[in-house]
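Notes for the one structure printed next.
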Amino acid sequence: AIGDRALSGKQEFTTQQQKDITDVANSYLADSKSADNDVRYEAREQIHRLWTAAVPALIENVNNSNLSVAEMAMKSLITMRNERIIKEIIKKAQAETDIDKIKRFIFLLEHMKEQRETFIPGRNCIGAEATEELYASLVQPALNELAKKLNKINAEEKGKNTQTPETSK
């Protein structure tokens with residue numbers, strides 16, 4: 001299965017294969033909006049079957065306008081976190097310029113210590129000790145940088161909003 005390949009480290013998908021996996025993951029994420037609990041549960045279970053193969057779609061959906069989709073993406077990323085995934089999240093967060101989207105990534109990174117259960121046997125969240133190491137070495141420094149970035153953007157926005165037509169000439 002695709003998720004098993006991801007677990008074994010043999011996750012070398014062609015561009016087309018990754019696009020197909022992302023499309024499938026996006027369809028499961030869309031199912032998280034369902035009013036039917038069974039549909040939502042099945043969607044979470046299938047995301048966990050895809051495991052880290054679904055990461056590109058999950059990261060893209062952290063800032064989905066539908067909070068159910070964003071929540072499933074974030075909880076899944078927290079569950080399957082590892083150094084590579086955390087680095088990908090940080091890279092995406094650092095490239096972001098929208099204040100609200102940066103805040104969503106900060107929220108996700110702040111929750112990287114959560115120990116979560118997987119729906120599929122053999123898919124395990126990393127342990128508390130490894131989590132603490134990754135949090136200290138990667139997450140906390142990134143959170144500090146993102147906080148500075150937010151402060152800078154807020155200051156720039158405040159400066160733009162306080163200019164009058166005469167002062168902006």
Side-chain angles (χ1 to χ4, degrees), residues 1-9 11 13 18-96 98-143 145-147 150:
I2 292 168
D4 294 332
R5 282 183 62 198
L7 279 173
S8 71
Q11 186 179 351
F13 301 114
Q18 188 59 62
K19 182 191 176 308
D20 293 343
I21 294 166
T22 297
D23 290 345
V24 168
N26 282 330
S27 73
Y28 292 134
L29 288 165
D31 286 346
S32 69
K33 300 182 283 188
S34 175
D36 185 333
N37 190 46
D38 291 337
V39 171
R40 290 191 314 273
Y41 183 85
E42 173 72 14
R44 285 190 304 268
E45 197 172 60
Q46 293 304 327
I47 290 290
H48 284 213
R49 280 195 173 89
L50 289 172
W51 204 239
T52 57
V55 165
L58 297 172
I59 291 174
E60 285 303 316
N61 279 283
V62 165
N63 279 299
N64 192 296
S65 60
N66 184 289
L67 294 179
S68 294
V69 173
E71 179 183 19
M72 181 187 284
M74 287 189 277
K75 285 181 175 180
S76 297
L77 287 165
I78 292 165
T79 302
M80 60 184 73
R81 70 181 172 267
N82 61 31
E83 183 175 353
R84 181 184 62 84
I85 291 169
I86 291 171
K87 285 180 176 179
E88 286 182 38
I89 294 166
I90 290 168
K91 182 178 178 182
K92 183 75 172 174
Q94 290 171 333
E96 189 56 66
D98 180 271
I99 291 173
D100 292 328
K101 291 179 179 182
I102 294 169
K103 287 179 180 178
R104 188 85 58 95
F105 279 114
I106 288 171
F107 178 85
L108 170 59
L109 289 167
E110 287 174 338
H111 286 81
M112 278 294 158
K113 289 185 179 183
E114 286 180 16
Q115 293 298 312
R116 305 189 62 80
E117 295 295 320
T118 64
F119 291 92
I120 308 300
R123 309 272 198 279
N124 298 311
C125 189
I126 63 172
E129 187 176 320
T131 295
E132 286 296 329
E133 289 174 16
L134 286 174
Y135 199 90
S137 66
L138 295 174
V139 176
Q140 193 58 59
L143 287 171
E145 286 180 35
L146 291 169
L150 271 182

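By the 30° and 60° cut-offs, the orientation of the rings of F107 relative to H111 is tilted.
Counting heavy atoms from C-beta on, the side chains of I99 and I102 never come closer than 4.5 Å. In this structure, the side chains of W51 and T118 come closer than 4.5 Å at one or more pairs of heavy atoms. Annotation: side chain of L108 is in contact with side chain of M112 (closest heavy-atom distance under 4.5 Å). Looking at heavy atoms from C-beta onward, L50 lies in side-chain contact with V24 at the 4.5 angstrom threshold. The closest side-chain heavy-atom distance from C125 to R81 is below 4.5 Å. Proximity of K92 to E60: side-chain heavy atoms (C-beta onward) are separated by under 4.5 Å at one or more points. I78 is not listed as a side-chain neighbour of K113, based on a closest heavy-atom distance of 4.5 Å or more. Using a 4.5 Å heavy-atom cutoff, the side chains of V69 and Y28 are not in contact.
Side chain of E71 to main chain of N66: no donor-acceptor pair is present (N/O by atom type, distance under 3.5 Å, no hydrogens or angles). At least one donor-acceptor pair under 3.5 Å links the side chain of R104 to the backbone N or O of V62. Within the 3.5 Å criterion, the main-chain N or O of R116 finds no donor-acceptor partner in the side chain of E114. Judged purely by atom type and a 3.5 angstrom limit, D98 uses its side chain to pair as donor or acceptor with the backbone of K101.
Separating the CG atom in L146 from the CZ atom in F105 is a distance of 9.5 Å, to the nearest 0.5 Å. Note that CD1 of I126 and CD of E133 are 9.0 Å apart. Values are rounded to the nearest 0.5 Å. A distance of 8.5 Å separates OG of S32 from CG of N61, quoted to the nearest 0.5 Å. To the nearest 0.5 angstrom, R49 atom CZ is 13.0 Å from R44 atom CZ. Separation of atoms CG (D31) and CD (E42) is listed at 8.5 Å; rounding is to 0.5 Å. Here the straight-line distance linking atom OG of S68 with atom CZ of R40 works out to 7.5 Å at 0.5 Å rounding.
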* For side-chain contact (heavy atoms from CB on, under 4.5 Å), just list the numbers for I106 and L143, CA-CA rounded to whole Å, side-chain angles, deciding distance to a tenth of an Å, and then say yes or no. => CA-CA 6 Å; I106 288 171; L143 287 171; 3.9 Å; yes
* To do: Evaluate side-chain contact (heavy atoms from CB on, under 4.5 Å) for L29 paired with N64, printing each intermediate quantity in order.
  => CA-CA 10 Å; L29 288 165; N64 192 296; over 6 Å; no
* To do: Report the C-alpha distance between K87 and L138 in whole Å, list the side-chain angles of each, state the deciding distance to 0.1 Å, and finish with yes or no for side-chain contact (heavy atoms from CB on, under 4.5 Å).
  => CA-CA 8 Å; K87 285 180 176 179; L138 295 174; 4.1 Å; yes
* **Working for salt bridge (Lys or Arg N to Asp or Glu O under 4.0 Å), residues D23 and K19** => CA-CA 6 Å; D23 290 345; K19 182 191 176 308; 2.9 Å; yes
* Please step through side-chain contact (heavy atoms from CB on, under 4.5 Å) for the pair L58 and M80, ending with a clear verdict. => CA-CA 11 Å; L58 297 172; M80 60 184 73; 3.9 Å; yes
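The two atoms that bring A136 and P141 nearest to each other are O-CD, 3.3 Å, heavy atoms only. Taking every heavy atom of both residues into account, S34 and D36 meet most closely at OG-N, 3.0 Å. The shortest heavy-atom contact between A53 and F13 is CB-CE1, 3.9 Å.
Applying the salt bridge (Lys or Arg N to Asp or Glu O under 4.0 Å) test to E88 and every residue at least two apart in sequence or in another chain returns R84.
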